[in-house]
Amino acid sequence: MLGFLIALAAGFAAPRLDDSVARPLAKAMAPHIAVQPHEIRAISVMVAFLGAALLASALDSGTAFAVVLGGVLGYFATRGTAALRKVVEGPRS
């Protein structure tokens, strides 16, 4: 369960890692690997999920499925809650 919660937090934090982690990492890789601007978010997600997997493994908590599910749910949490809010509120007149 703890692995799921760690991954949930990592998924939620992934979009916020673009400027602080992914762009400097892309600059460091630039001499060896060409990184396109639209790939920055993918780097953020990979770094966040790798950190969550390492932490969950170090704490011996959670299965791979729980970590992946938590990460995906965390990543799409803001969109999911917005969609759910629209359903609950119903159409506006």
Identify all side-chain donor-acceptor contacts of residues 57-67 below 3.5 Å with residues at least two apart in sequence or on another chain.
unit_1 : atom_1 : unit_2 : atom_2 : d
S61    : OG     : L2     : N      : 3.3
S61    : OG     : G3     : N      : 3.0
T63    : OG1    : A66    : N      : 3.2

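Between A14 and Y75 the shortest heavy-atom distance is CB-CD1, 4.1 Å. Heavy atoms only, all atoms of each residue included: I40 and A22 are closest at O-CB, 3.5 Å.
The shortest distance between side-chain heavy atoms of V68 and F49 does not fall below 4.5 Å.
In this structure, the separation between CG on L25 and CG on D18 is 12.0 Å, given to the nearest 0.5 Å. A distance of 9.5 Å separates CG of L17 from CZ of R41, quoted to the nearest 0.5 Å.
A single hydrophobic cluster is not seen to contain both L50 and L55; linkage of ILVMFWY side chains at heavy-atom distances under 4.5 Å, directly or through other members, places them apart. Note on V21: it clusters hydrophobically with M29, by side-chain heavy-atom contacts below 4.5 Å among ILVMFWY residues. Cluster membership for V72 and F12, using ILVMFWY side-chain heavy atoms within less than 4.5 angstrom, is not shared. L5 and L73 fall within the same hydrophobic cluster, defined by Ile, Leu, Val, Met, Phe, Trp and Tyr side-chain heavy atoms under 4.5 Å apart, directly or through other members.
With sequence neighbours left out, E89 forms a side chain to side chain donor-acceptor pair (under 3.5 Å) with R92. Scanning for salt bridge (Lys or Arg N to Asp or Glu O under 4.0 Å) contacts around D19 gives R23, with sequence neighbours left out.
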